[in-house]
Amino acid sequence: MDMGDFILEMKNITKDFSGVKALDNVNLKVKKGEIHGLCGENGAGKSTLMKILSGVYPYGTFSGEIIFDGKELKLNNIKDAEDAGIGIIYQELSLVKELSVSENIFIGNEPNKNGIIDFDRMYYETKILLDKLNLNINPNVPVKNLGIGQQQLVEIAKALSKNVSLLILDEPTSSLTDADVEILFNILRQLKDNGVTCIYISHKLNEVMEITDRITVQRDGKTIGSEDTKNLTESEIIKMMVGRELTNLFPKEEHQIGKEILEVKNFSVYDSKSSSKKIVDNVSFTLKEGEILGIAGLIGAGRTELVSSIFGSYPGRHEGEIYLEGKKINIRNPDEALDYGIAMVPEDRKGQGLINILSVRDNMTLSNIESYKNNFGSVDVNKEIVDVKKYIEMLKIKVSHFDLAVKNLSGGNQQKVVLAKNLLRNPKILILDEPTRGIDVGAKYEIYKLIYELVKSGISIIMVSSELPEIIGLSDRIVVMHEGKKKGEFVNKDVTQEMIMQCAIGGK
Amino acid sequence: TTNPNQSKSNNQTSQTTNTSDNSGKIKIGFSFDTLNLERWQHDRDYFVQRAKELGADVLVQSANSDSQTQYSQCQNLIAQGIKVLVIIPHDGSAIAPIVEEAHKAGVKVLAYDRLIMNADVDAYVSFDNEKVGELQAEAITKLVPKGNYFLLEGSPTDNNAKLFEQGQKKVLQPLVDKGDIKIVGEQWAQDWLTQNAYNIMQNALTANNNKIDAVVDANDSTALGAIRALQEQNLAGKVAISGQDADLANCQLIVEGKQSMTVYKPVKEEATKGADVAVALAKGEDINANGKVNNGKIDVPSVLLTPVAVDKNNMVDTIIKDGFHSLDEVYKNVPKDQWPKQ
Amino acid sequence: MVNSKGFKENNVSINKKFSFNLKLYTMIIALVGIWIIFAIATKGDFLTSRNMSNLFRQMVSTAVLAIGMVFVIIAGQIDLSVGSLLGLTGGIAAIANVWFHINGILSIIIALAIGLILGTWNGWWVAYKNVPSFIVTLAGMLVFRGILIGITNGYTIAPLSSDFQFIGQAYLTPVSGYLLGIIVLLVGAYTIYSQRKSKIKYGLEVSPFYLDIAKIILMIVLIGLFVFTLNSYNGIPFSVLILAILVAIFTYIASKTVFGRRVYALGGNIEAAKLSGINVKKITLILFAINGLLAAVSGVVLTSTLNAGSTSAGQNAEMDAIASCVIGGASLMGGVGSVIGAIIGALVMASINNGMSLLNSAPFWQYVVKGLILLLAVYVDVASKNKE
Amino acid sequence: MVNSKGFKENNVSINKKFSFNLKLYTMIIALVGIWIIFAIATKGDFLTSRNMSNLFRQMVSTAVLAIGMVFVIIAGQIDLSVGSLLGLTGGIAAIANVWFHINGILSIIIALAIGLILGTWNGWWVAYKNVPSFIVTLAGMLVFRGILIGITNGYTIAPLSSDFQFIGQAYLTPVSGYLLGIIVLLVGAYTIYSQRKSKIKYGLEVSPFYLDIAKIILMIVLIGLFVFTLNSYNGIPFSVLILAILVAIFTYIASKTVFGRRVYALGGNIEAAKLSGINVKKITLILFAINGLLAAVSGVVLTSTLNAGSTSAGQNAEMDAIASCVIGGASLMGGVGSVIGAIIGALVMASINNGMSLLNSAPFWQYVVKGLILLLAVYVDVASKNKE
Ligand SMILES: Nc1ncnc2c1ncn2[C@@H]1O[C@H](COP(=O)(O)OP(=O)(O)OP(=O)(O)O)[C@@H](O)[C@H]1O
Ligand SMILES: Nc1ncnc2c1ncn2[C@@H]1O[C@H](COP(=O)(O)OP(=O)(O)OP(=O)(O)O)[C@@H](O)[C@H]1O
Ligand SMILES: O[C@@H]1[C@@H](O)[C@H](O)OC[C@H]1O
Ligand SMILES: [Mg+2]
Ligand SMILES: [Mg+2]
């Protein structure tokens with residue numbers, strides 16, 4: 001192949017974190033103007049490689065060479081990468097919550113005259129970007145008022161605002177619904193027509209298949225290989241990633257559904273910021289013992305608000321009734337919910353799921369720490385460690401030691417820690433809000449199997465997910481929401497994605 | 001009032017100088033409440049100088065107005081093999097336990113300027129703090145026998161401020177009872193800060209529509225702030241105001257007629273006397289006490305000096321004569337032709 | 001659909017403006033409450049133009065410190081050295097002026113330069129050596145106070161030359177006061193007008209005309225009242241004018257400039273700020289440098305007001321400054337705060353001090369009531385925000 | 001594969017242990033550095049058993065405050081009221097004892113109860129009324145000091161009865177000192193042994209035997225040295241014993257109990273802590289209550305040491321306590337810190353104060369050198385951590 005085709009070559013990149021090799025002699029070549037997919041298990045080193053390329057880990061903190069546009073790149077900081085024309089959307093949301101949408105989009109590149117910001121221009125350009133993404137929000141609203149999905153779109157807008165020749169997207173769609181993904185893809189195709197190169201990282205292989213031209217697969221910090229997308233199938237990618245075949249992604253298993261355990265009646269939730277606005281409007285549903293109930297809907301449909309209000313963690317006011325095993329209950333905070341046997345994996349793992357500076361162990365046992373109390377009132381650390389090790393094994397969490405701070409884990413592995421925390425609590429009802437965000441196919445499969453084991457043992461599950469295949473592949477029953485209202489309920493037999501989509505966008 | 005003792009005590013000190021031909025160097029520890037106040041710097045300089053003449057070394061510490069720090073520092077001094085510990089207590093009660101500790105280590109303790117309470121103190125050299133308050137009030141009542149009085153006291157957490165207040169009240173209360181004077185306000189300036197005193201005085205003038213005839217002010221750093229506030233109302237010089245410590249800036253204000261008086265504690269005399277007593281204690285000689293003061297436990301052998309009220313008239317005879325400040329310094333802002341002849 | 005969405009957005013934008021203002025308004029309401037209580041308790045003395053003039057002058061040195069401090073706090077840092085720095089720079093200015101007979105202006109410039117340098121020293125350790133700002137500035141607090149004690153040798157340095165005294169003691173003549181008021185009004189009106197124009201240029205929705213008019217009327221009333229009150233005593237104090245100018249400049253910096261917004265960004269989420277390519281170190285350095293400069297301004301004003309430099313000047317002033325910021329809504333966790341808030345905070349504190357001292361209460365009451373008012377004022381603020 | 005993984009893990013775990021220790025070790029190294037410098041500068045005076053005894057006694061009241069403060073700081077809060085609370089509780093104990101002739105023990109219990117109640121008051125406002133802890137405790141600082149001034153009327157209250165003086169002034173006899181050392185050793189050895197047993201029970205990998213032996217030997221050396229040094233002067237001071245007991249209890253609480261874990265969690269990410277079912281309000285309340293209690297302990301010890309209660313006791317003590325925590329590695333942003341660190345921080349500060357005072361330097365030098373040593377000590381710590 002002609003060398004001139006390549007806009008980027010990363011050669012023999014090696015990077016370790018105090019003894020742990022995250023990248024081991026990695027090579028990546030990207031052609032000018034292509035959309036290049038990067039796949040690999042959780043912890044394979046994808047994000048680390050991209051952080052090297054965007055100057056987060058500056059020249060000298062890794063070994064190897066980066067050739068970009070024919071010249072060797074020695075990046076000292078992020079600014080250098082931006083100056084060279086490289087832009088990135090990080091896997092972990094990196095927005096300043098107190099600042100407005102438009103300020104976040106232009107942070108670091110504020111339109112200004114002599115250091116004085118031209119707010120009107122900023123507003124105007126933000127509006128254009130948001131329109132492109134079909135996101136109808138006020139550019140002056142602080143980011144903290146947005147849902148996770150919307151925040152991810154803002155992050156995308158931020159990347160688009162920079163005029164880059166190489167755009168890196170690290171898990172840009174983990175909280176997006178299919179409709180939004182389609183919008184993003186159209187934009188990427190437009191960019192491609194304008195000669196912009198993209199590197200696209202995702203665990204949603206169908207997306208990767210749809211949008212990319214070539215794919216490189218990484219495993220355990222090493223490059224496995226690159227191939228044109230058209231020559232690959234999903235299962236071939238999986239095989240390269242995981243090292244083995246994985247034919248059925250959804251291990252449907254028979255399980256007993258028992259009597260009704262939870263009933264939610266006429267439930268409404270009001271916005272925590274403006275108390276007159278209803279986000280969830282008069283929703284009712286039931287949940288049976290050993291049942292998996294899926295909740296589908298578009299971004300902003302109010303699914304998160306619904307489930308987090310039930311769990312007692314949403315700050316806004318709510319109305320309606322909840323019956324647990326026939327008894328009316330009133331949950332005011334997560335503490336009480338957990339006492340009733342209801343646990344929840346929140347959608348925002350960084351903000352609500354994890355305590356970044358604490359270790360994997362501390363995080364995992366935070367909810368059930370009481371159960372390790374011994375006679376002296378102290379924590380039986382060894383008993384704790386046994387459990388922690390068990391879950392690390394079970395969920396295949398890639399971590400060198402359980403006392404490592406969770407902030408050092410790869411995105412997918414962090415998500416697994418949040419899952420483990422809630423499993424350790426042994427709930428009767430487990431609420432999962434986007435449970436497999438950023439988790440690789442192999443691990444997803446394991447998690448699904450685990451979910452089946454849970455329901456077989458009589459635990460009930462409510463699962464909010466933006467991945468329709470996941471909803472359809474797992475749920476026994478599906479509730480669909482649209483603009484805060486329940487628009488439909490399907491027993492999962494012969495349900496198609498189209499039927500759910502139709503319902504989610506408000507049609508019948 | 002001038003100080004009748006002064007010339008006499010000067011003679012005494014020169015005598016002691018002659019008798020102190022000594023080979024072995026004596027170590028004296030000196031613990032100051034604080035050195036952030038102008039006067040204490042003078043005390044230190046005179047004391048050290050005199051001790052040197054007597055053949056003693058002085059280790060100086062300053063406790064930043066904190067009893068606990070002072071206690072620690074005294075411990076540290078004792079640990080260094082001193083013979084005598086001289087203390088200007090931040091709080092005469094709170095420093096008492098150090099006396100016993102010192103005695104255990106064979107160290108004598110001299111309370112300097114402020115008494116140490118409830119302890120077997122070996123000697124006390126001082127001016128009487130209540131007396132200071134009395135002098136302030138006496139001077140001001142003499143100038144303004146009738147009228148509205150405002151009391152600007154020191155830091156509310158400083159034990160000495162309380163003593164000054166007591167002294168003032170001793171003089172003022174009878175006049176209040178007689179109806180001659182009316183106390184229209186009493187405020188305490190946190191940390192003796194000039195700025196706080198300034199704000200307090202501003203507010204007092206506002207609250208009383210400037211109808212204040214006299215201010216009994218506890219010390220010079222607060223008087224400085226109060227006078228600024230008076231000046232703003234063109235009242236400086238019209239309202240009598242007291243002070244204490246004979247700080248240079250305040251002496252200047254006195255000769256300019258803006259401050260009525262300050263209480264001058266002839267520091268040189270006190271420091272020189274202090275050094276003499278300290279050395280005598282070290283050698284086990286007689287300290288020439290001129291009185292005894294009860295501290296709640298014992299009658300402490302004391303050398304008591306008299307604080308002097310200084311105003312425009314006796315400035316030259318006291319402060320300047322003592323060399324505490326020079327004539328040039330004090331009269332700097334006064335036209336040369338109005339300078340006193342010396 | 002588009003219509004309904006457009007409508008939604010409008011709603012939000014009005015909502016947002018309202019809630020933004022409310023945040024400051026509740027503290028202003030608490031302030032007004034305090035004023036009313038003191039006005040009643042002092043039988044009106046508190047609200048005389050003379051006392052208002054005093055009050056504003058009494059708040060200047062804390063308020064100037066608070067302006068710098070609020071930036072540092074927004075950035076998630078703290079500066080404990082400003083009290084000592086205030087004392088040191090004030091002392092240096094006084095020494096230059098009194099002992100070395102350097103004229104007032106030059107003495108002040110020297111003091112400001114030293115403030116800037118020592119602030120930069122603080123910032124350098126924090127930004128480039130990663131030492132926690134608490135430690136760096138605690139060290140600064142000790143070192144600067146030590147130097148002050150060393151150079152003054154414990155003496156109070158006074159009196160200053162008249163060109164130095166000017167800053168803290170002079171007043172604007174009534175006429176120039178009104179003139180100034182009119183200029184401010186004109187600038188304000190012009191800003192509103194040009195904002196309108198720029199909005200139209202980008203095809204953005206402009207606020208209804210009557211709202212702009214209302215704004216201008218409000219401005220006229222407030223500025224008029226301010227100037228009138230101060231003029232009916234001695235005129236606008238020069239030191240208050242300096243404060244006002246600083247407030248204007250730094251409010252502008254905080255809300256309108258690239259630098260200002262980046263400070264909020266790095267305080268709100270330092271990781272995100274770094275990942276956005278912001279030079280966090282440089283900004284941190286500049287913040288502390290500015291804070292040093294403002295401490296020097298405060299030192300100069302205080303020295304000039306008291307007509308003396310002393311070793312103990314500015315003791316504990318850092319706590320007052322920090323407290324002002326927090327009362328005014330700043331969070332010590334960073335990312336939140338405003339210059340106006342800090343000024344209102346300083347005014348709340350000065351008002352409590354002034355009122356209690358007018359009431360001539362005993363130290364016991366002063367401490368207790370001060371503490372309780374402070375707690376209640378902030379509680380009112382917090383509670384009303386929560387309800388909303 | 002399993003083997004290689006096992007190997008890897010071992011490596012890291014050792015690495016990690018090492019780095020964990022390093023965190024504390026660097027500050028200990030800085031401390032040792034300070035000691036060596038002072039030992040040389042004072043020609044050995046610094047290291048005499050007598051001065052060591054003094055040094056430990058001098059650090060007690062700050063160290064006790066620091067123990068409580070570090071919990072508050074880990075939880076992401078601050079408590080500015082402890083200095084005043086120390087003064088108030090000490091004053092109350094003295095009043096009870098001196099004016100009302102209540103015996104020492106009862107006076108102390110009264111003081112402790114009041115500390116607990118006022119700490120709870122602080123905590124209630126912070127936890128249940130959402131007022132920022134900076135404001136609540138700033139108010140507390142004023143109110144408590146005010147009450148102290150009010151009840152003492154500005155007088156110093158002394159002397160105390162002998163049963164009260166005991167706490168601050170008594171020493172253990174040499175024999176009981178050694179006995180105590182041996183008991184501590186036995187408890188330590190038993191802990192190591194039972195940990196080993198429990199590890200084996202759960203099938204976890206145990207550390208090599210020689211390491212446990214080494215640990216025990218280190219313990220013998222350190223405890224022996226400690227007791228020997230203090231015994232060669234007057235014996236172990238009773239106040240130092242109290243401190244040691246408090247350190248043991250609170251280290252245990254921080255690292256081994258459910259409560260301790262939760263404090264770290266809520267300081268690290270309060271949102272996530274809430275969602276994990278932690279009753280954040282309750283914990284916050286308890287933290288401040290404990291802090292109040294410890295302030296009272298500190299107040300009692302100080303009052304007893306000085307044999308007097310005074311209005312100015314504990315002024316600025318809160319800053320020393322906070323500084324100790326930060327020097328010892330706590331972050332004012334919450335989530336990070338340790339009791340041992342705070343104690344080492346307090347020891348660093350006490351050492352600097354003690355050393356500088358032994359050197360008899362002028363105030364100028366005291367301030368400046370103190371500030372610089374503080375800065376350098378923490379810098380050494382930060383720099384070595386960064387490198388690693
Ligand atoms: N700062 C760090 N310190 C220590 N280890 C780290 C750090 N950052 C990453 N790692 C480790 O490096 C490895 C690669 O992580 P990376 O985030 O690149 O994975 P990834 O391929 O992006 O995974 P995911 O799909 O889950 O996002 C992981 O084992 C991770 O634990
Ligand atoms: N187009 C929009 N215009 C205005 N507000 C919106 C819009 N879309 C969403 N919102 C609001 O944003 C908030 C957060 O939505 P969020 O994304 O959390 O909802 P969700 O149903 O949980 O979606 P998801 O879980 O898929 O992200 C809601 O208050 C919602 O009403
Ligand atoms: O001399 C005074 C001193 O005794 C007092 O303690 O503090 C203020 C001084 O003016
Ligand atoms: Mg990743
Ligand atoms: Mg959601």
Side-chain angles (χ1 to χ4, degrees), chain B residues 34-42 44-45 62 64-65 150-151 153 155-157 161 183-210 220-221 224-225 227-229 231-233 245 247-250 252-253 256 258 332-333, chain C residues 42-43 45-46 48 50-55 57-59 61-62 86-87 90 94 98 142 145 148-149 152-159 165 168-169 171 233-234 237 302-303 305-317 350 353-364 366-367:
Chain B
T34 169
L35 282 169
N36 272 8
L37 223 55
E38 205 177 299
R39 74 154 282 197
W40 298 128
Q41 306 250 357
H42 293 293
R44 177 195 54 195
D45 295 343
S62 160
N64 301 323
S65 310
F150 184 76
L151 307 191
E153 304 294 355
S155 196
T157 54
I183 296 177
V184 295
E186 176 176 0
Q187 294 278 291
W188 299 67
Q190 172 90 43
D191 297 330
W192 302 93
L193 286 187
T194 309
Q195 184 185 4
N196 293 339
Y198 169 70
N199 289 348
I200 288 171
M201 198 67 227
Q202 261 188 351
N203 298 336
L205 289 169
T206 305
N208 293 291
N209 273 323
N210 288 0
D220 277 353
S221 67
L224 201 64
I227 291 169
R228 275 288 315 133
Q231 225 158 18
E232 281 175 7
Q233 301 301 321
D245 293 340
D247 286 354
L248 177 56
N250 299 76
Q252 290 171 343
L253 289 172
E256 287 167 47
K258 289 176 182 155
K332 195 177 123 199
N333 306 315
Chain C
T42 60
K43 303 200 185 71
D45 278 357
F46 187 85
T48 57
R50 169 173 173 178
N51 193 54
M52 284 290 122
S53 175
N54 285 348
L55 177 62
R57 288 178 62 207
Q58 286 167 7
M59 77 176 278
S61 76
T62 303
L86 181 168
V98 178
L142 291 166
R145 182 70 59 190
L148 177 59
I149 295 171
T152 59
N153 212 352
Y155 282 96
T156 298
I157 296 139
Q165 290 186 40
Q169 301 176 24
Y171 293 83
Y233 185 54
N234 278 338
L302 184 66
T303 305
T305 305
L306 299 180
N307 192 15
S310 82
T311 36
S312 51
Q315 253 175 33
N316 301 325
N353 282 329
N354 176 292
M356 290 304 290
S357 121
L358 280 185
L359 282 174
N360 208 9
S361 8
F364 161 68
Q366 297 235 6
Y367 278 89

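Just so it is clear, the structure is predicted and the values come from calculations on it, not from any experiment. The sequence lines fix the lettering, A, B, ..., with proteins before strands; numbering per chain opens at 1.
N316(C) and Q190(B) are not linked by any side-chain donor-acceptor pair at a separation below 3.5 angstrom, with hydrogens and angles left out of the test. In summary, the side chains of T206(B) and N54(C) do present a donor paired with an acceptor at a separation below 3.5 Å, with no hydrogens or angles considered.
Residues satisfying the side-chain contact (heavy atoms from CB on, under 4.5 Å) criterion with Q231(B), sequence neighbours excluded, are R228(B), A236(B), K258(B).
Both the backbone and the side chain of T156(C) have a heavy atom closer than 4.5 Å to some heavy atom of chain B. Proximity to chain C is absent for every atom of E153(B), based on heavy atoms less than 4.5 angstrom apart. Only the side chain of Q233(B) comes within less than 4.5 Å of a heavy atom of chain C; its backbone N, CA, C and O stay farther away. N333(B) touches chain C through its side chain: at least one heavy atom from C-beta onward sits under 4.5 Å away, while N, CA, C and O do not. Residue Y367(C) touches chain B through its side chain alone, counting heavy-atom pairs closer than 4.5 Å. Using a 4.5 Å cut-off between heavy atoms, L205(B) touches chain C through backbone and side chain atoms alike.
The line from CZ of R50(C) to CG of N209(B) is 6.5 Å long, rounded to the nearest 0.5 Å.
Among the candidates A313(C), A362(C), P159(C), the residue making the largest number of heavy-atom pairs closer than 4.5 Å to chain B is P159(C). If you tally non-hydrogen atom pairs under 4.5 Å between each of L302(C), T152(C), L359(C) and chain B, the highest count goes to L302(C). Comparing L224(B), N210(B), V184(B) by how many heavy-atom pairs each has under 4.5 Å with chain C, the most go to N210(B).
Inter-residue side-chain proximity for R57(C) and Y198(B) is flagged as met; some heavy-atom pair is nearer than 4.5 Å. Q41(B) places none of its side-chain heavy atoms less than 4.5 Å from the side chain of T311(C).
Residue Q252(B) comes nearest to A158(C) through the heavy atom pair OE1-O, 3.5 Å, listed as atom of the first residue, atom of the second, then distance. Considering all non-hydrogen atoms of both residues, N354(C) and N203(B) come closest at ND2-OD1, 3.0 Å. Minimum interatomic distance between I200(B) and S357(C) (heavy atoms only, all atoms of both residues): CA-OG, 4.2 Å. The shortest heavy-atom contact between T194(B) and S310(C) is OG1-OG, 4.4 Å. Nearest heavy atom pair, residue Q195(B) against residue S61(C), reads NE2-OG, 3.3 Å.
A salt bridge (charged side-chain N to carboxylate O under 4.0 Å, His left out) check over residues 183-197 of chain B, counting only residues at least two apart or in different chains, returns the pairs K169(B)-E186(B).
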